[in-house]
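Reading through the structure tokens given below for one structure.
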Amino acid sequence: YIIMKYESKEVMLEKAYQYIHWLTQPNPAFSNMPVCPFIEPEIKKEQLYIDIWNPSQMAFMDMMSRYYDSQLRSAIFICQDSPDITWEQVERRPIQQQLNAKLKAHPLFSEYKCIVLSPWEHFTAGGISTREKSPYFMINIGSRQHFSKSHKQLQKSRYFANFSHDELNRLKVKDTK
């Protein structure tokens, strides 16, 4: 038997906001830039859509429609365990590929992509286990153009200076070392 632990929406959002706050703090591993320097501006401009996704209650594409209708620039879906799915058992890469294929094939969402964050996957950036600090499996969604522009912007900064060669390769960053 798998014992499901259900937390209230308020508890889940509070834990997610604490993690998001951590992502906005300057960190020496990222040349004193935030782990994710793009979240805080999205929050300040009120352009970040945050919602809880329970796949037993709503399809992913219906969540996308909610986000799309909000007309906000980016989204974070906090993934809630359900009788059908325990997120700890889900492998990040295959689900990210499946969701991105669905987005690309949909006429309204073809310009969007997702980056999936799993706290159960060993993932380091600048030697820091950034995703293990996440309280939940999360899906970050934005336009392909926005992710591409943000990635290029970071490459022009000192953001990646403390990353290992493996980390740079995994994140498709030209190794300048």
Side-chain angles (χ1 to χ4, degrees), residues 5 7 10-53 67 72-81 86-100 103 111-177:
K5 75 168 190 189
E7 296 174 312
E10 293 76 20
V11 168
M12 289 184 74
L13 288 170
E14 180 56 33
K15 287 181 179 180
Y17 285 128
Q18 287 173 10
Y19 174 64
I20 290 167
H21 176 73
W22 177 77
L23 292 173
T24 67
Q25 300 306 299
N27 189 307
F30 300 87
S31 300
N32 289 319
M33 293 174 69
V35 175
C36 182
F38 303 104
I39 290 180
E40 192 167 21
E42 295 287 276
I43 292 169
K44 284 183 177 175
K45 293 176 185 170
E46 298 182 0
Q47 288 297 310
L48 182 62
Y49 177 90
I50 300 177
D51 204 352
I52 296 170
W53 178 40
Y67 157 54
L72 299 178
R73 191 173 18 239
S74 58
I76 295 176
F77 296 164
I78 304 161
C79 301
Q80 183 180 44
D81 283 347
T86 304
W87 290 102
E88 188 173 353
Q89 307 300 318
V90 175
E91 239 185 293
R92 182 201 61 80
R93 177 173 273 151
I95 191 140
Q96 181 171 302
Q97 291 169 337
Q98 291 168 9
L99 295 176
N100 279 322
L103 292 172
E111 296 301 315
Y112 291 88
K113 76 179 268 186
C114 70
I115 297 172
V116 175
L117 312 172
S118 172
W120 300 286
E121 175 185 39
H122 178 71
F123 180 95
T124 61
I128 305 287
S129 298
T130 57
R131 295 180 181 181
E132 288 175 17
K133 295 181 183 306
S134 174
Y136 307 103
F137 198 95
M138 294 188 190
I139 303 169
N140 178 211
I141 299 164
S143 73
R144 292 174 185 279
Q145 181 183 14
H146 183 62
F147 280 126
S148 175
K149 184 179 157 195
S150 300
H151 191 67
K152 287 176 183 159
Q153 199 175 334
L154 287 179
Q155 289 184 72
K156 293 177 186 172
S157 73
R158 301 268 311 132
Y159 183 84
F160 296 108
N162 299 318
F163 284 43
S164 71
H165 293 288
D166 287 344
E167 291 169 338
L168 293 171
N169 287 335
R170 189 182 64 241
L171 296 170
K172 298 179 176 92
V173 176
K174 196 169 162 182
D175 196 340
T176 56
K177 293 180 181 180

Taking [Y]'s backbone N and O only, do any of them form a donor-acceptor pair with [X]'s side chain (distance below 3.5 Å, no angle check)?
X      : Y      : value
Asp81  : Trp87  : yes
Ser31  : Met33  : no
Asn140 : Ala75  : yes
Tyr159 : Val35  : yes
Ser129 : Glu132 : no
Ser148 : Arg144 : no
Gln47  : Leu72  : no
Asp51  : Ile76  : no

Between [X] and [Y]: side-chain donor-acceptor atoms closer than 3.5 Å:
X      : Y      : value
Tyr136 : Glu7   : yes
Thr124 : Glu167 : yes
Glu42  : Ser74  : yes

Q.
Quick check on the 6.0 Å ring-centre criterion: do Trp53 and Phe77 meet it?
A.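 Ring centres of Phe77 and Trp53 not closer than 6.0 Å.
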Roughly how far, to the nearest 0.5 Å, is [atom2] of [Y] from [atom1] of [X]?
X      : Y      : atom1 : atom2 : result
Ser118 : Met138 : OG    : CE    : 11.0 Å
Trp120 : Thr86  : CH2   : OG1   : 9.0 Å
Arg92  : Gln97  : CZ    : CD    : 8.5 Å
Leu48  : Ile39  : CG    : CD1   : 7.0 Å

Q: For the pair Ile20 and Ile43, evaluate side chain to side chain contact (heavy atoms under 4.5 Å, CB included) and give the outcome as yes or no after the intermediate values.
A: CA-CA 10 Å; Ile20 290 167; Ile43 292 169; 3.7 Å; yes
Q: Answer yes or no for Arg158 and Phe30: cation-pi contact, defined as NZ/CZ to six-membered ring centre under 6.0 Å and angle to ring axis within 45°.
A: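 Relative to the ring axis of Phe30, which defines the angle, Arg158 lies outside at least one limit.
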**Q.** Intermediate values then yes/no, side chain to side chain contact (heavy atoms under 4.5 Å, CB included), Thr130 and Phe123
**A.** CA-CA 7 Å; Thr130 57; Phe123 180 95; 3.8 Å; yes
Q: Start with the C-alpha distance between Leu168 and Asp166, add both sets of side-chain angles, then the distance that settles side chain to side chain contact (heavy atoms under 4.5 Å, CB included), and finish with yes or no.
A: CA-CA 5 Å; Leu168 293 171; Asp166 287 344; over 6 Å; no
Q: Return the minimal non-hydrogen interatomic distance between Gly142 and Tyr67, and the atom names on each side.
A: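 Looks like CA-OH, 4.2 Å.
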Q: Show your reasoning for whether side chain to side chain contact (heavy atoms under 4.5 Å, CB included) applies to His151 and Val173.
A: CA-CA 9 Å; His151 191 67; Val173 176; 3.8 Å; yes
